[in-house]
Amino acid sequence: MRKAGILMHPTSLPGSAGIGTFGKAAFEFVDWLEKAGMKIWQVLPLGPTGYGDSPYQSFSTFALNPLLIDFDNLVERGWANQKLTKKPSYIKTKGDVDFGAVVWWKSHALKEIAKYFLELITNPDASSDNFDQNTKMEFFTFCRENQYWLRDYAAFTSIKSFYDAKAARQAEEEKRAVNGAWNVYWEKNLSKHDEKAVEKWINEHSEDFLQTEVIQFFAAKQWSAVHEYARSKGIQIVGDVPIFVAADSSDVWANQSLFKIGSDGQFSAVAGVPPDYFSATGQLWGNPLYDWDAMKKNGYSWWIARVKKMLSLVDYVRIDHFRGFEAYWAVPFGSPTAENGKWEKGPGIELFDTIKKELGELPLIAEDLGIITDEVRALRDDAELPGMKVLQFAFDKNEWKQGCLKNVFLPHNYDTTNCVAYTGTHDNDTSQGLFESLDDESVILIADYLTGEANSVESAKKLVKSKKLTRMFVKSALSSIADIAVIPLQDVYCIGTNARMNTPSTSGKNWAWRAEQGLIKGAKAEKAAAWLKQLCVLYAR
């Protein structure tokens with residue numbers, strides 16, 4: 001069945017204080033998707049983010065991001081009172097996310113709300129106007145069913161909070177940058193995840209531990225409500241799983257035997273990609289590498305649990321950097337760039353066969369971008385996974401000069417319907433922003449391809465300025481033979497570079513874009529929905 005969808009991360013939803021949430025706007029967005037004939041909502045990873053605010057560097061691959069919790073919904077449920085959720089003056093409701101301010105406000109507020117909630121479920125004399133007493137059982141059931149990851153995550157969060165503060169004080173005294181990683185500053189037994197030491201910490205910091213469990217319960221209940229509402233409207237959610245996990249995460253800390261980590265807690269090599277379209281020096285991600293031999297010995301149980309958890313949260317899972325399962329770029333620890341890495345073999349089809357045997361057929365999407373070899377393509381096809389076709393990668397003027405129109409991202413070259421077409425991804429500029437930045441020759445090239453006419457510089461630039469070229473780009477993705485076509489919301493509205501989500505190998509201003517309220521509700525939104533619906537009908541999506 002042919003489908004169309006929209007790419008937008010929940011942090012970009014409008015209306016709520018500081019940052020998009022799993023609240024009212026999420027439901028309004030689902031309503032807009034339905035009106036637009038969309039069957040897919042694609043999001044970025046939903047885990048808690050750390051330094052740099054990247055959803056691809058999360059403290060846990062199993063947990064949800066507390067910043068996405070909607071305070072108004074907590075009040076409506078009787079799980080918080082209005083006083084605890086009051087927005088301070090420095091928090092904006094409109095404009096891009098100021099992560100520093102939001103983290104400072106919501107992290108403190110959520111702890112106070114968690115205390116309030118714990119009082120409600122443990123003290124018979126505590127009261128809330130509309131608190132459902134069944135919630136107590138729901139909370140304890142959630143903790144029990146998720147203990148396999150929640151216990152370590154809650155412990156990690158508590159220990160990290162203590163040692164990060166200690167590291168910050170020491171760094172201030174020594175006038176240097178803060179480094180509070182678990183394998184640098186934590187007490188030795190805690191750093192090694194010694195079970196007795198961890199249990200002792202939990203017992204001595206039970207309030208802190210329980211608060212983290214409560215906060216995860218809040219996020220899980222709210223996201224579940226959004227997910228169920230989307231399903232009721234015939235809309236499936238595509239989640240995102242980075243192949244690697246963050247070094248500073250409960251995943252690595254609690255499962256050190258499954259990663260290439262020395263007895264001193266240091267990594268021998270880290271993940272990245274060689275020089276490519278996005279960076280001349282490659283991308284040095286810094287994630288620890290898996291010990292695939294150790295993973296194999298325990299039947300890939302950690303990966304099975306990871307995929308199973310994700311499929312309880314979403315309907316499809318896009319696996320970021322799929323090529324790493326065939327071979328991954330290993331960069332020596334301490335290297336300043338990713339240039340001096342080397343390719344090492346991944347687990348191959350065995351991993352997917354093992355997961356399928358346990359979970360059945362897998363609704364996965366392979367992010368097969370970058371340096372893709374015949375071996376990677378064979379792995380993708382053997383696993384029967386759709387790959388990605390990104391229109392922004394289709395137009396290389398040097399190829400066209402040579403009369404070479406074989407670029408695999410050009411719609412006329414798609415060799416299978418089992419793929420997902422995108423105008424661009426979260427790592428690209430918006431399509432309008434890209435067109436506005438291109439040289440004359442490239443703009444003419446794209447205009448000629450999309451219009452089927454020979455364009456002058458003047459006529460091509462006129463198409464860019466009028467935003468017609470971006471709309472034609474959207475139309476090209478939707479008209480392609482790809483089973484699924486996904487359009488970033490920014491491209492639906494032809495928004496420029498100011499709405500770019502991420503620029504790889506940079507930090508400071510990424511992940512912050514928020515949509516205006518009028519993009520999901522109101523006259524402008526209705527007009528856009530009608531246009532998309534027309535295209536979906538026209539191209540049988």
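All residue numbers in this chain count up from 1 along the given sequence. These numbers were taken from a predicted model, which means no experiment stands behind them.
Considering CG of D382 and CG of D353, their distance stands at 8.5 Å, rounded to 0.5 Å. Atom SG of C419 is separated from atom CG of L385 by 13.0 Å, given to the nearest 0.5 angstrom.
Taking the six-membered ring for Trp, Y153 and F59 have ring centres at least 6.0 Å apart. Taking the six-membered ring for Trp and the full ring otherwise, F29 and W41 have centroids separated by under 6.0 Å. In this structure, the ring of H426 has its center less than 6.0 angstrom from the ring center of Y56.
Side chains of T470 and Q432: a donor on one and an acceptor on the other come within 3.5 Å. A donor-acceptor pair shorter than 3.5 Å cannot be found between the side chains of D251 and T61. Side-chain contact annotation: H193 with N255, donor-acceptor N/O pair under 3.5 Å absent. Using a 3.5 Å distance cut-off with no hydrogens or angles, the side chains of Y300 and E350 do pair a donor with an acceptor. Under the 3.5 Å distance criterion, with hydrogens and angles disregarded, no donor-acceptor pair is assigned to the side chains of T11 and W511. In the model, N510 has a side-chain atom that pairs as donor or acceptor with a side-chain atom of T506 under 3.5 Å.
At a threshold of 4.5 Å between non-hydrogen side-chain atoms, the residues Q57 and Y51 do not count as touching. M388 is not listed as a side-chain neighbour of F322, based on a closest heavy-atom distance of 4.5 Å or more. The shortest side-chain heavy-atom distance between M310 and D240 does not fall under the 4.5 Å cut-off. No side-chain heavy atom of R380 sits less than 4.5 Å from a side-chain heavy atom of F352. Between W292 and K345, the closest side-chain pair of non-hydrogen atoms is not below 4.5 Å. In this structure the side chain of V486 never reaches within 4.5 angstrom of the side chain of I6, judged on heavy atoms. For the pair F393 and N428, the minimum side-chain heavy-atom distance is below 4.5 Å. Side-chain contact check for I365 versus I319: every heavy-atom pair is 4.5 Å or farther apart.
Within 6.0 Å of atom CD in Q147, 12 or fewer heavy atoms from other residues, nucleotides or ligands are found, so the atom counts as exposed in its surroundings. Other residues, nucleotides and ligands contribute at most 12 non-hydrogen atoms within 6.0 Å of the CH2 atom of W104.
Using a cutoff of 4.0 Å between basic side-chain nitrogens and carboxylate oxygens, E358 and R306 are not scored as salt-bridged. Between E384 and K356 there is a salt bridge, since at least one side-chain N of the basic residue sits less than 4.0 Å from a carboxylate O of the acidic one. Taking a cutoff of 4.0 Å between a charged side-chain nitrogen and a carboxylate oxygen, K188 and D194 do not qualify as a salt bridge. In this structure, D96 does not pair ionically with R514, as no charged nitrogen and carboxylate oxygen lie closer than 4.0 Å.
At least one donor-acceptor pair closer than 3.5 Å links the side chain of N183 to the backbone N or O of G265. In this structure a side-chain-to-backbone donor-acceptor pair under 3.5 Å is missing from S58 to P55. In this structure, the side chain of S431 does not engage the main chain of D491 through any donor-acceptor pair within 3.5 Å. Checked by atom type and distance alone, the side chain of E367 never pairs as donor or acceptor with a backbone atom of G387 at under 3.5 Å. Between the T430 side chain and the I495 main chain, a donor and an acceptor come within less than 3.5 Å of each other. Of the possible polar contacts, one joining the K192 side chain to the S263 backbone as a donor-acceptor pair under 3.5 Å is found.
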Legend entry - Evaluation steps, side chain to side chain donor-acceptor pair (under 3.5 Å), between Q42 and Y316: CA-CA 9 Å; Q42 182 169 330; Y316 289 88; over 6 Å; no
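Checked against H321 for a ring pair (Phe, Tyr, Trp, His ring centres under 6.0 Å), the options W329, W285, Y328 give a single hit: W285. The residue from W149, F259, W186 that alone fulfils the ring pair (Phe, Tyr, Trp, His ring centres under 6.0 Å) condition with W253 is W186.
Aromatic ring pairs are classed by plane angle as parallel below 30°, tilted from 30° to 60° and perpendicular above 60°; the pair W302 and Y290 is tilted. Classified by interplanar angle (parallel below 30°, tilted 30° to 60°, perpendicular above 60°), the ring pair F473/F395 is tilted.
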